[in-house]
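To start, the structure under review is shown below, and the notes come after it.
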Amino acid sequence: HESNEVWEMDEIKLNIISESGKRLSDLMKSKRITNKMLAEMSGVTISRISQHRSGVHLMSLYDAVQVAAALKTTIDYLSAIDMYIAAKNK
């Protein structure tokens with residue numbers, strides 16, 4: 001039973017990382033902002049932005065604050081916290 005819970009949490013984490021990257025990409029596309037532009041606006045490296053967009057890494061709190069401010073959005077939206085809360089409340 002415990003191993004099923006661990007697997008479910010891993011799946012939730014992967015889904016959240018993926019959704020977070022998708023949200024970042026969608027925002028950037030809608031605002032016509034490139035990785036380079038966002039890096040300059042936020043102070044987050046191009047490499048990290050690319051990793052966040054592709055779902056390789058979940059943003060650190062520092063990156064999320066910088067990127068959210070640059071894109072005029074919220075950390076909650078970028079981090080896909082709504083998905084985490086929904087999954088935890090099932």
Side-chain angles (χ1 to χ4, degrees):
H1 178 62
E2 188 174 315
S3 65
N4 285 344
E5 288 177 14
V6 170
W7 185 84
E8 287 173 8
M9 282 307 298
D10 286 346
E11 185 177 6
I12 291 167
K13 288 177 187 175
L14 289 173
N15 288 341
I16 290 169
I17 292 169
S18 175
E19 178 63 21
S20 179
K22 181 182 178 312
R23 289 179 183 190
L24 177 57
S25 287
D26 289 349
L27 275 171
M28 289 174 66
K29 286 177 188 170
S30 72
K31 295 174 183 279
R32 294 188 171 107
I33 295 173
T34 65
N35 287 1
K36 182 178 179 187
M37 291 165 66
L38 184 57
E40 291 169 357
M41 294 164 61
S42 68
V44 177
T45 67
I46 294 170
S47 174
R48 290 300 285 181
I49 291 167
S50 178
Q51 291 172 344
H52 297 322
R53 289 183 75 182
S54 64
V56 173
H57 289 287
L58 188 59
M59 281 190 223
S60 68
L61 180 57
Y62 176 81
D63 287 356
V65 168
Q66 299 302 103
V67 169
L71 294 175
K72 298 180 177 29
T73 190
T74 66
I75 296 168
D76 287 354
Y77 179 75
L78 280 180
S79 67
I81 192 79
D82 54 314
M83 287 182 63
Y84 179 76
I85 292 168
K88 291 292 283 184
N89 290 330
K90 279 189 176 181

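Along the sequence shown, residues are numbered consecutively beginning with 1.
In this structure, the side chain of Ser25 engages the main chain of Gly21 through a donor-acceptor pair within 3.5 Å.
Hydrophobic clustering places Ile85 together with Met83 (ILVMFWY residues linked when any side-chain heavy atoms are closer than 4.5 Å, directly or through intermediates).
Here Gln51 contributes atom CD and Asp63 contributes atom CG; the two are 9.5 Å apart, rounded to the nearest 0.5 Å. One distance of note links NE2 of His52 with CZ of Arg48; it measures 5.0 Å at 0.5 Å rounding. In this structure, Ile81 CD1 and Glu19 CD are separated by 13.0 Å, a value rounded to the nearest 0.5 Å.
In this view, Asp26 and Lys22 satisfy the side-chain contact (heavy atoms from CB on, under 4.5 Å) rule, not counting sequence neighbours.
The shortest non-hydrogen separation linking Ser79 to Asp76 is OG-O, 3.3 Å. Contact record, Ser42 with Gln66: O-NE2, 3.1 Å, taken as the closest heavy-atom pair. Of all the heavy atoms in Lys29 and Arg53, the pair that sits closest is CE-NH2, 4.2 Å.
Taking Ile, Leu, Val, Met, Phe, Trp and Tyr as hydrophobic and joining them when side-chain heavy atoms fall under 4.5 Å apart, one finds Leu78 in a cluster with Leu24, Leu27, Met28, Ile33, Met37, Leu38, Met41, Val44, Ile49, Met59, Val67, Leu71, Tyr77.
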